[in-house]
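Only one structure is covered here, and it is reproduced in the block below.
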2 protein chains.
Amino acid sequence: MNVSTNSNPRSMNLEDIAARAGVSRSTVSRVINNEPYVSEKTRERVLAIIEQEGFIPNPAARALVTQHTQVIGVVIPRTPTVVFEDAFYFPTLLQGVSAATHQRDYAMLLWLGQAGEDDERLYRQIERNRLMDGLIIASAPSNDPLISHFLNTSLPFVLVERPGHDYDRISYVSIDNLNASLELVTHLINLGRRRIATVTGDLTIPDGRDRLDGYKRALQIAGLPVDERLIVEGNFSQRSGYEGTQALLQQKIDAIVASSDITARGVLQALHEAEIRVPEDVAVVGFDDLPTAAQVIPPLTTVHQPIEERGRLAAGLLIDLVEGKLEGPQQILLPTELVIRQSCGAALS
Amino acid sequence: MNVSTNSNPRSMNLEDIAARAGVSRSTVSRVINNEPYVSEKTRERVLAIIEQEGFIPNPAARALVTQHTQVIGVVIPRTPTVVFEDAFYFPTLLQGVSAATHQRDYAMLLWLGQAGEDDERLYRQIERNRLMDGLIIASAPSNDPLISHFLNTSLPFVLVERPGHDYDRISYVSIDNLNASLELVTHLINLGRRRIATVTGDLTIPDGRDRLDGYKRALQIAGLPVDERLIVEGNFSQRSGYEGTQALLQQKIDAIVASSDITARGVLQALHEAEIRVPEDVAVVGFDDLPTAAQVIPPLTTVHQPIEERGRLAAGLLIDLVEGKLEGPQQILLPTELVIRQSCGAALS
DNA sequence: GTTCAATCTGGGAGCGCTCCCAGATATGAT
DNA sequence: ATCATATCTGGGAGCGCTCCCAGATTGAAC
């Protein structure tokens with residue numbers, strides 16, 4: 001009946017190409033996979049026909065036998081805050097991951113956490129998806145379920161933050177938060193600041209804790225006291241910077257170290273409202289070097305971190321693990337760069 | 001030799017589950033795919049074993065026979081400008097796409113254009129990737145090669161902008177730029193503005209052209225002249241807003257319609273430098289309602305568009321097309337909303 | 001000429017599913 | 001009891017590849 005109206009013609013396969021080239025399936029496979037033991041003449045003939053027919057091998061069939069898909073996954077749980085408070089980090093990171101995956105001929109599967117919604121369902125979907133050769137997990141804090149799950153699996157994964165646990169069993173790419181923070185605070189000390197306060201990040205996250213540790217270490221090295229009254233716990237948000245600063249103004253201070261540029265925004269806002277001059281009365285420094293850091297008033301002294309490279313390295317590392325070019329847990333800490341602008345008062349001296 | 005050191009144990013398959021349940025491969029398959037003709041008792045027994053073993057069917061094997069992967073792709077070419085000038089649109093759109101794909105149990109393959117790099121290589125990778133059931137193409141302007149390619153293919157695809165050509169053969173989800181712009185300009189006219197200028201967007205992009213057409217239409221409806229000297233061609237960038245405004249200041253004007261909130265930022269900057277009061281001397285309106293629109297001074301009157309919903313609908317539509325629930329090209333125009341703040345001078349009257 | 005290794009080529013087996021068809025069993029009408 | 005029908009169940013075939021092994025061909029060495 002519908003012989004002539006076959007609307008969805010079967011696409012070509014190896015056998016079809018083989019027939020047209022007058023060779024066998026196996027030979028075509030060898031040509032496609034660039035294997036040896038094919039005469040130059042045959043190879044060229046086959047390649048010509050592949051080109052001419054626009055033939056592309058079926059990835060599902062290939063994956064079925066090789067157990068590799070050439071696909072890696074990227075999970076970004078609980079994005080809402082990321083998206084709305086800092087719409088820079090996440091796209092930039094993806095850009096880096098994307099660059100590396102494409103360069104190595106992989107594709108990238110993206111999993112985004114949904115606003116408000118519990119990540120439970122997402123995690124189940126990710127765990128059930130056996131299409132990936134490996135996984136990049138962004139934003140480490142409370143994604144323990146994912147990490148624990150994949151620790152019990154043979155699926156390679158890489159974090160782009162330092163994990164909160166199992167440090168030595170997990171591969172990750174991060175920045176040297178502690179030393180960056182140490183350098184930043186030392187810079188303030190060198191400028192003559194002595195009563196240096198801080199609004200920390202989320203201390204359940206290694207990033208937050210490490211930055212605080214760097215702050216303390218810098219004071220200790222300089223022989224300055226670590227005064228707990230000058231340390232207010234925040235959570236990287238602008239709001240925590242604003243409220244933290246209001247609390248800090250009870251004390252006599254001459255500098256505030258914000259845990260992030262977003263937090264610094266809140267700090268500046270609170271200082272402005274209290275009619276305190278920056279940097280004359282109080283110096284302010286941030287962390288991250290978001291594009292807006294140069295645009296606030298006064299321009300923010302901060303720590304630049306290579307976000308895109310972080311993504312690129314994480315993807316490269318993951319693919320190396322997948323392909324067996326590297327073994328076991330690998331940890332990479334990227335260097336950061338102190339960016340001196342006006343908010344620290346460097347121009348004053 | 002290495003019998004006991006088999007490091008990568010073959011994971012379970014249907015046959016294994018079947019053996020444990022004392023049934024056949026086929027019955028397990030029926031249970032997994034929720035097909036009828038399985039007795040309730042058998043179904044429960046099989047489900048229990050699947051649960052207990054944590055069995056997940058091999059997607060590659062499944063895809064090989066069904067010709068469906070439950071994966072859709074999203075292409076965002078030439079992201080650099082998007083990322084750096086407007087880091088909001090793109091993540092929000094992805095969030096919407098992601099929400100819809102996850103809800104319908106699909107996964108999302110993401111393809112990002114690389115900074116500076118030619119998109120040629122990316123396009124080849126996308127075209128060669130036969131893992132996707134369908135494709136969402138963001139940012140329509142110059143991606144003709146992709147669109148033309150997939151028009152000749154049976155792969156369903158959906159744009160999230162209005163295409164520059166083949167309108168009626170292509171499925172897309174966009175907003176009603178023309179009427180939104182018309183409403184916006186009419187609002188200015190109702191406020192008494194008479195010399196209304198505009199800095200357009202990229203006129204090679206339908207979005208840009210439609211917004212300009214809405215501007216003209218509004219003037220015509222009000223019986224006002226369309227003065228070409230009051231129309232400066234821009235490209236959605238802040239810079240074009242800045243330079244366009246400087247050019248417009250040669251004319252006598254009382255309002256500027258910016259093609260986007262980003263452009264409006266440049267417009268405000270130029271007016272500020274020229275010491276022209278907004279909205280007293282010149283009213284300014286934008287388009288897009290970025291989060292920053294409410295934060296500039298004065299807060300920007302603009303057009304709110306449902307970006308996340310755009311992504312969600314595009315993905316939903318694509319999956320409907322993939323699954324055959326909908327036919328052929330489908331076009332959706334989403335409604336927008338006029339957001340009146342201070343920059344239009346509404347509060348003055 | 002023969003012999004041997006290196007180089008090339010083809011086809012069977014199998015990856016883990018779905019689909020189809022044949023056969024078994026239960027259910028109800030006669 | 002008999003038969004027709006609806007409900008279940010099992011196994012073969014096949015999706016399009018890769019991998020392995022056996023056989024064919026070549027070329028160099030003797």
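Owing to the predicted nature of the structure, the values given are computational and were not obtained by experimental measurement. Quick note on labels: first sequence line is chain A, next is B, and so on, each numbered from 1.
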5′-ward residue of the pair Arg45(A)/Val65(B) relative to DNA chain C: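 Residue closer to the 5' terminus by nearest nucleotide: Arg45(A).
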Heavy-atom pair of closest approach, residues Ala100(A) and Ile319(A):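 Minimum heavy-atom separation between Ala100(A) and Ile319(A): O-CD1, 4.5 Å.
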Closest approach of His68(B) to Asp133(B) (non-hydrogen atoms, all atoms of both residues):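 Where His68(B) meets Asp133(B) most closely, the heavy atoms are CA-OD1, 3.5 Å.
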From CA spacing to verdict: side chain to side chain contact (heavy atoms under 4.5 Å, CB included), Gln67(B), Arg130(B): CA-CA 10 Å; Gln67(B) 310 276 27; Arg130(B) 292 175 52 195; 5.7 Å; no
Side-chain N,O ([X]) to OP1/OP2 ([N]) below 4.0 Å:
X	N	value
Ser39(B)	dT7(D)	no
Asn33(A)	dT18(D)	yes
Asn13(A)	dG16(D)	yes

Rounded to whole Å, please give me the gap between [atom1] in [X] and [atom2] in [N].
X	N	atom1	atom2	result
Leu131(B)	dC17(D)	CG	C1'	14 Å
Asn58(A)	dC15(C)	CG	P	18 Å
Glu35(A)	dC19(D)	CD	P	7 Å
Glu15(A)	dT18(D)	CD	P	12 Å
Gln67(B)	dG16(D)	CD	P	6 Å
His68(A)	dG16(D)	NE2	C1'	19 Å
Lys41(A)	dC8(C)	NZ	P	12 Å
Ile56(B)	dC17(C)	CD1	P	11 Å

Close approaches to DNA chain C from residues 19-27 of chain B, in residue order (heavy atom, under 4.0 Å):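 Within this stretch, Arg25(B), Ser26(B) sit under 4.0 Å of the strand.
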Which listed nucleotide ([options]) is nearest to the side chain of [X]?
X	options	result
Thr66(B)	dC15(C), dC20(D), dT18(C)	dT18(C)
Arg62(B)	dT9(C), dT18(D), dC17(C)	dC17(C)
Tyr37(A)	dC8(C), dG16(D), dT9(D)	dC8(C)
Leu14(A)	dC19(D), dC17(C), dT18(D)	dT18(D)

Pair Asp105(B) + Arg128(A): basic N to acidic O under 4.0 Å: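 So Asp105(B) does not pair with Arg128(A) through a salt bridge.
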Residue closer to the 5' end of DNA chain D, Ala61(B) versus Arg43(B) (nearest nucleotide):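 Closer to the 5' end of DNA chain D: Arg43(B).
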Residue met sooner reading DNA chain D from 5', once Pro36(B) and Leu64(A) are mapped to nucleotides: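 With Pro36(B) and Leu64(A) compared, the 5'-side residue is Pro36(B).
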Reported CG-to-CG distance for the pair Leu151(B) and Leu146(B), which is rounded to 0.5 angstrom: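 Reported value, rounded in 0.5 Å steps: 11.0 Å.
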Gap between atom CZ of Arg25(B) and atom CZ of Arg30(B) - 0.5 Å precision: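 The CZ atom of Arg30(B) sits 10.5 Å away from the CZ atom of Arg25(B).
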Sub-4.5 Å side-chain heavy-atom contact between Ile170(B) and Phe157(B):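 Counting from C-beta outward, Ile170(B) and Phe157(B) do come under 4.5 Å.
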Pair Leu94(A)-Met108(A), side chain to side chain contact (heavy atoms under 4.5 Å, CB included): steps then yes or no: CA-CA 10 Å; Leu94(A) 274 185; Met108(A) 172 170 91; 4.1 Å; yes
Heavy-atom donor-acceptor pair, Arg30(B) side-chain to dG10(D) base, under 3.5 Å: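 Result: at least one qualifying N/O pair found.
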